[in-house]
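What follows is one structure encoded as structure tokens, with my remarks underneath.
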Amino acid sequence: MSEQGKPTVTVLGLGRMGTPIAAAFLSAGYSTTVWNRTPEKADALVAQGAIRAVTVAEAVAASPLVIVPLLDYNAVRQALEPATTALPGRVLVNLANGAPEQARELAAWAAGHGADYLDGAMMALPQTVATPEGFFLYSGSRKAFVTYRTELEVMAASHYFGVDPGLAEIHDLALLGTGYAALTGFLHAAAVLDAVGTTPAEFAPLAARWLNGIAQFLPELAREAGSGRYEGGVSTVDLNRVGVDNLIHISRANGIDTGVHEPLKALLDRRSADGHGKDSFSSVFELLRPQDAPQR
Ligand code: FVH
């Protein structure tokens with residue numbers, strides 16, 4: 001135990017995410033053991049009071065709670081394979097990005113070695129660890145989540161989805177997909193504007209304002225997509241076909257790649273050709289969901 005009855009904590013992996021995570025535990029008064037494949041990355045944390053483990057087995061043995069912000073699932077397995085004798089009774093919190101089936105497989109592997117398993121996904125950037133902007137997703141052992149919720153909240157606000165270890169990863173990937181679309185849209189627009197003399201830095205505040213505004217549109221989209229009822233929306237398929245056509249036009253006119261918006265144009269065109277031009281924009285959902293999904 002750390003001071004004041006806090007459990008000791010181990011952090012395996014001191015990359016861009018692991019370093020601020022370990023620093024957050026130190027700041028919160030936890031006795032924190034750290035390990036990294038490239039040992040020098042632990043130096044600054046050790047100077048701040050972290051305990052350096054030379055091997056993964058030593059690091060895992062040091063704490064009941066083992067946080068693993070490594071690169072990917074292969075790295076996690078490679079790191080932990082030589083340390084399996086230290087795993088019984090430990091709670092492993094794997095924060096690497098991966099696919100749901102990888103999470104389930106790793107949970108089964110951990111259980112086979114006597115460890116409880118929580119899968120995590122970090123919806124944060126290195127600089128937003130332990131700040132109100134970051135949040136982490138979890139699934140897997142409910143007992144582990146409840147037991148260590150206080151410690152998990154040292155890293156970020158936490159959302160628990162359920163006992164299927166794959167749930168955090170599928171939600172992580174869904175959120176990444178949402179973000180990638182928005183950020184790629186921004187970069188495309190920045191390229192268009194750069195070509196006409198507005199710099200990306202000048203454009204960024206305007207884009208942020210717009211993105212905040214259109215985020216308010218999500219509940220309406222969700223209501224329509226969830227019910228399958230698309231009549232009467234303010235922003236129809238045909239209206240947006242014109243907008244996307246114009247966007248592709250100005251891209252071409254300025255020598256900018258049109259690849260970002262061609263797929264959306266194809267979806268809107270199909271929807272219109274199917275007689276749904278007066279439906280809400282959100283009705284492209286009908287083309288994205290599995291075509292054998294039940295009618296609503
Ligand atoms: N950085 C970001 O913007 C995003 C924010 C959201 C979450 N992602 C995911 O977080 C995981 C860790 O990412 P990271 O940014 O910390 O990654 P790196 O800075 O590259 O650090 C990687 C650590 O993993 C170690 N490592 C890699 N391969 C192995 C291996 N085979 N065995 C043992 N350790 C390994 C690496 O060690 P070293 O290179 O320093 O020796 C680092 O500690 C990731 O899933 C993101 O998708 C990040």
Side-chain angles (χ1 to χ4, degrees), residues 1-71 75-76 79-80 83 85-97 110 114-161 168 172:
M1 287 278 177
S2 313
E3 287 167 27
Q4 301 151 346
K6 291 175 174 168
T8 57
V9 176
T10 285
V11 180
L12 295 183
L14 302 173
R16 279 167 285 228
M17 297 304 288
T19 297
I21 285 172
F25 279 113
L26 286 172
S27 299
Y30 286 84
S31 171
T32 307
T33 296
V34 294
W35 173 88
N36 195 61
R37 179 180 62 176
T38 309
E40 308 81 75
K41 287 194 187 167
D43 292 352
L45 288 160
V46 170
Q48 292 167 48
I51 300 160
R52 188 195 305 272
V54 175
T55 65
V56 177
E58 189 185 320
V60 172
S63 312
L65 178 61
V66 180
I67 310 283
V68 192
L70 289 172
L71 183 65
V76 176
L80 288 173
T85 52
L87 284 175
R90 298 296 180 252
V91 167
L92 277 185
V93 181
N94 170 40
L95 297 175
N97 177 269
D116 214 357
Y117 181 85
L118 251 190
D119 199 86
M122 302 185 276
M123 310 319 299
L125 294 171
Q127 63 272 26
T128 61
V129 169
T131 74
E133 283 74 45
F135 60 98
F136 286 11
L137 315 178
Y138 296 100
S139 58
S141 168
R142 189 182 301 277
K143 182 170 168 232
F145 180 75
V146 171
T147 305
Y148 289 112
R149 184 156 193 178
T150 303
E151 284 66 43
L152 300 176
E153 301 262 339
V154 167
M155 300 184 281
S158 50
H159 296 253
Y160 177 76
F161 287 98
D172 177 28

Give me the atom names and distance for the closest heavy-atom approach of [X] to [Y].
X	Y	value
T32	A22	CG2-O, 4.2 Å
L14	V11	CD2-CG1, 4.2 Å
L70	A79	CD1-CB, 3.8 Å
G134	A124	CA-CB, 3.9 Å
P7	Y30	O-CD2, 3.1 Å
A168	A121	O-CB, 4.0 Å

Test your reading of the model: is there a side-chain donor-acceptor pair from [X] to the backbone of [Y], 3.5 Å cut-off?
X	Y	answer
T55	E58	yes
T147	K143	yes
T10	A59	yes
S63	T33	no
R90	A61	yes
R52	P39	yes

Would V93 and Y138 satisfy side chain to side chain contact (heavy atoms under 4.5 Å, CB included), going step by step from the backbone distance to the final call? CA-CA 9 Å; V93 181; Y138 296 100; 3.8 Å; yes
Stepwise side chain to side chain contact (heavy atoms under 4.5 Å, CB included) check, D172 with N97: CA-CA 8 Å; D172 177 28; N97 177 269; 2.8 Å; yes
Rounded to the nearest 0.5 Å, what's the gap from [atom1] on [X] to [atom2] on [Y]? Could you check?
X	Y	atom1	atom2	result
W35	K41	CH2	NZ	10.5 Å
T128	E133	OG1	CD	7.0 Å
T85	L87	OG1	CG	7.5 Å
L92	L118	CG	CG	9.5 Å

One pair to check against side chain to side chain contact (heavy atoms under 4.5 Å, CB included): M123 and L137. What are the steps and the verdict? CA-CA 7 Å; M123 310 319 299; L137 315 178; 3.8 Å; yes
Against I67, only a single residue in N94, L95, V154 fulfils side-chain contact (heavy atoms from CB on, under 4.5 Å); can you say which? L95
Evaluate the side-chain proximity of [Y] to [X]: yes if any heavy-atom separation is below 4.5 Å, no if none is.
X	Y	answer
T8	P64	yes
S141	D116	yes
S139	F145	no
L12	L80	yes
L125	R16	no
T19	P126	no

Working for side chain to side chain contact (heavy atoms under 4.5 Å, CB included), residues F136 and E153: CA-CA 9 Å; F136 286 11; E153 301 262 339; over 6 Å; no
